[in-house]
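Below is one structure, written out as structure tokens, with a few remarks after it.
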Amino acid sequence: MNIDDFGMDTITLAGPLAPKLRAMRDAGFGQVMLKASDLVSHPEGVDDAVRVVRASGLRVTGFQVLRDFEGLSHHLHDYKVDIARSMIEMCAALGSPVLLACSSTSRHASDDEAVIARDLRKLAMMALPHGIKVAYEGLSWGRHINDVVGAWRVVEAADAPNLGIGVDSFHSFATRTPTEALADVDPEKIYLVQLADFMWQEIRTVEERIETARHFRVFPGEGVHSEELRRLVIELDRMGYRGDYSFEVFNDDYQQIPLETVCARAHKGAVWLGEQVLRRSV
């Protein structure tokens, strides 16, 4: 069985690329979110990593993550353009429809939203000939853009045909961004939704937010924000979002248990979301 609406992220699982993909497929998933290190750290090189992904039969949800691109100037901007070009080339080789870019945390980045929008438009234009969409995500510890409201504001200002936003439930919960904040977002411009929960009600500091985000997220239905996550998914569905939901779960504990066990937990989260939240048979 494949669960068409939901996919896993390779970042959740330990080990080489091929066993990760096999475990996801065997658990019933039909898609995968990949990261750049999946390709560049593959023992046989990038071309072989692409072959392994294609041979897995899994559809690629998206490719991540371009960091700290926007708001830089002079040699820093030129450097990041080169990095972005390499990321786009790998994204295209995979046949990935979406490149994820997250908001800058650099102290060297401008806070001028016109500059941010200009740079995002440039990134989108670089990706356009490859048929790639750019999903811009507001990191909850982003220096100037740190939520979905700010991300949508600069994306709308950039006005590029293949530039949209990525919605990440963890960052929305961490910043206490209300679900109603999505009301002004064009659902056609939501290119990716990443879902995760965590185990405590409140995150009091930016440091704790980063630590939780990178080490202790859990799958939907496993944490203490199930009701918030349920409302978020229902609202996205009500708005008309019909794209992919990817489980972006950074968890040190999951890196220490068998792939099949982790994928079974993800499968349980997909069933909960599909059957109990969206009321659809999976």
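Just the heavy atoms: all of them, side chains too, but no hydrogens, waters or symmetry mates, feed the values below. Treat the numbers as computed from the prediction; the structure is a model and nothing was measured.
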Note to self: Any non-hydrogen side-chain atom of C263 less than 4.5 Å from a side-chain atom of D26?
What the structure shows: no

Next item on the list: Please work out which of the three classes, parallel, tilted or perpendicular, describes the rings of F29 and F247, given edges at 30° and 60°.
Entry: perpendicular

Check: If you group Ile, Leu, Val, Met, Phe, Trp and Tyr whenever their side-chain heavy atoms sit less than 4.5 Å apart, what else falls in with M125?
Finding: L128

Note to self: Measuring only between side-chain heavy atoms, which start at C-beta, is E156 closer than 4.5 Å to D184?
What the structure shows: no

Note to self: Tell me if a side-chain donor or acceptor on K189 pairs with a main-chain N or O of L163 at a distance below 3.5 Å.
What the structure shows: yes

Next item on the list: With side chain to side chain contact (heavy atoms under 4.5 Å, CB included) as the test, would you mind laying out the steps for M33 and Q64 before giving the verdict?
Entry: CA-CA 8 Å; M33 183 81 183; Q64 62 178 1; 4.0 Å; yes

Next item on the list: Spell out, yes or no, whether I116 and V185 are grouped together once hydrophobic residues are joined by side-chain heavy atoms under 4.5 Å, including indirect joins.
Entry: yes

Check: How long is the span from the NZ atom in K80 to the OG atom in S73, to the nearest 0.5 Å?
Finding: 14.0 Å

Checklist line | Results of side chain to side chain contact (heavy atoms under 4.5 Å, CB included) for R209 - residues two or more places apart only | finding: S140, W141, F170, A174, T175, I203

Note to self: By the side-chain hydrogen bond (donor to acceptor under 3.5 Å, both in side chains) test, which pairs, at least two apart or in different chains, include something from residues 85-94?
What the structure shows: D82-R85

Next item on the list: Check whether any side-chain N or O of E222 sits under 3.5 Å from a backbone N or O of A266 as a donor-acceptor pair, and report yes or no.
Entry: no

Notebook entry, point to check: What are the two closest heavy atoms between D68 and S103, and how far apart are they?
Noted result: OD1-O, 4.5 Å

Next item on the list: Sort out for me which residue in E208, R214, H215 forms a side-chain contact (heavy atoms from CB on, under 4.5 Å) with T212.
Entry: E208

Next item on the list: Of all the heavy-atom pairs spanning G223 and M199, show the shortest one and how long it is.
Entry: CA-SD, 4.1 Å

Item checked: Distance-minimising heavy-atom pair for V149 and A181 -> CG2-CB, 3.6 Å

Note to self: Do F63 and L13 sit in one hydrophobic cluster, given that two such residues count as connected whenever their side-chain heavy atoms are within less than 4.5 Å of each other, even indirectly?
What the structure shows: yes

Note to self: Taking W200's backbone N and O only, do any of them form a donor-acceptor pair with H225's side chain (distance below 3.5 Å, no angle check)?
What the structure shows: yes

Notebook entry, point to check: Should M8 and V193 be counted in the same cluster of Ile, Leu, Val, Met, Phe, Trp and Tyr side chains packed under 4.5 Å apart?
Noted result: yes

Item checked: NZ/NE/NH1/NH2 to OD/OE distance under 4.0 Å, D168 and R217 -> yes

Check: More than 12 heavy atoms of other residues, nucleotides or ligands under 6.0 Å from CG of D111: is that the case?
Finding: yes

Checklist line | Gap between atom CG of L273 and atom OH of Y245 - 0.5 Å precision | finding: 8.5 Å

Notebook entry, point to check: For V32 and T10, what are the C-alpha separation, side-chain angles and deciding distance, and is it a side chain to side chain contact (heavy atoms under 4.5 Å, CB included)?
Noted result: CA-CA 7 Å; V32 58; T10 56; 3.6 Å; yes

Notebook entry, point to check: Should L195 and L192 be regarded as members of a common hydrophobic cluster, given that ILVMFWY residues are connected when their side-chain heavy atoms come within less than 4.5 Å of each other, either directly or indirectly?
Noted result: no

Next item on the list: Find out whether T61 and V98 are in side-chain contact, i.e. whether some heavy atom of one side chain is under 4.5 Å from a heavy atom of the other.
Entry: no

Item checked: Beyond-backbone contact of V53 with L58, side-chain heavy atoms, under 4.5 angstrom -> no

Next item on the list: Mind listing the closest non-hydrogen atom pair of T105 and G142 along with its distance?
Entry: CG2-CA, 4.2 Å

Next item on the list: With sequence neighbours left out, write down each residue that passes ring-ring contact (aromatic ring centres under 6.0 Å, His included) with F69, or none if nothing qualifies.
Entry: none

Next item on the list: Mind checking the CZ-CG spacing from R238 to L236? Nearest 0.5 Å is all I need.
Entry: 9.5 Å

Notebook entry, point to check: Are H42 and L39 side-chain neighbours, meaning at least one heavy-atom pair lies under 4.5 Å?
Noted result: no

Notebook entry, point to check: Does a side-chain heavy-atom distance below 4.5 Å link L66 with I83?
Noted result: yes

Notebook entry, point to check: Donor-acceptor pair, S96 side chain versus C91 backbone, under 3.5 Å?
Noted result: no

Note to self: Working note: V81 + K122, criterion side chain to side chain contact (heavy atoms under 4.5 Å, CB included); need CA distance, chi angles, decisive distance, verdict.
What the structure shows: CA-CA 9 Å; V81 166; K122 181 174 185 175; 4.1 Å; yes

Check: Heavy atoms, side chains only, cut-off 4.5 Å: are E235 and M239 in contact?
Finding: yes

Next item on the list: Would you mind listing every side-chain hydrogen bond (donor to acceptor under 3.5 Å, both in side chains) that reaches into residues 130-139, with sequence neighbours excluded?
Entry: E70-Y136

Next item on the list: Look at R231 together with E228 and state whether they make a salt bridge at an N to O cut-off of under 4.0 Å.
Entry: no

Check: Less than 4.0 Å between a side-chain N and a carboxylate O, is that true for R51 and D48?
Finding: yes

Next item on the list: Might you point out which heavy atoms bring L229 and S169 nearest each other, and give the distance in Å?
Entry: CD1-OG, 4.3 Å

Item checked: Presence of salt bridge, R59 and D244, under 4.0 angstrom -> yes

Notebook entry, point to check: Considering residues at least two apart in sequence or located in another chain, which fulfil the ring-ring contact (aromatic ring centres under 6.0 Å, His included) criterion with Y254?
Noted result: F219

Notebook entry, point to check: Would a distance-only check, ignoring hydrogens and angles, find a side-chain to backbone donor-acceptor pair under 3.5 Å from R242 to D237?
Noted result: yes

Check: Does a donor on one side chain and an acceptor on the other come within less than 3.5 Å for D147 and S172?
Finding: no

Check: Can you tell me if S246 uses its side chain to pair, donor with acceptor, with the backbone of Q194 under 3.5 Å?
Finding: no

Notebook entry, point to check: So, do L72 and D119 sit near enough that their side-chain heavy atoms are less than 4.5 Å apart?
Noted result: no

Check: Got a salt bridge between D4 and R280, using NZ or NE/NH1/NH2 to carboxylate O under 4.0 Å?
Finding: no

Next item on the list: Over all heavy atoms of both residues, which pair between M90 and A36 is shortest? Give the atoms and the distance, please.
Entry: CE-CB, 4.2 Å

Check: Are L100 and V50 linked, directly or through other ILVMFWY residues, by side chains that come within less than 4.5 angstrom of each other?
Finding: no

Note to self: What's the separation between atom CG in L99 and atom OH in Y191, rounded to the nearest 0.5 Å?
What the structure shows: 12.5 Å

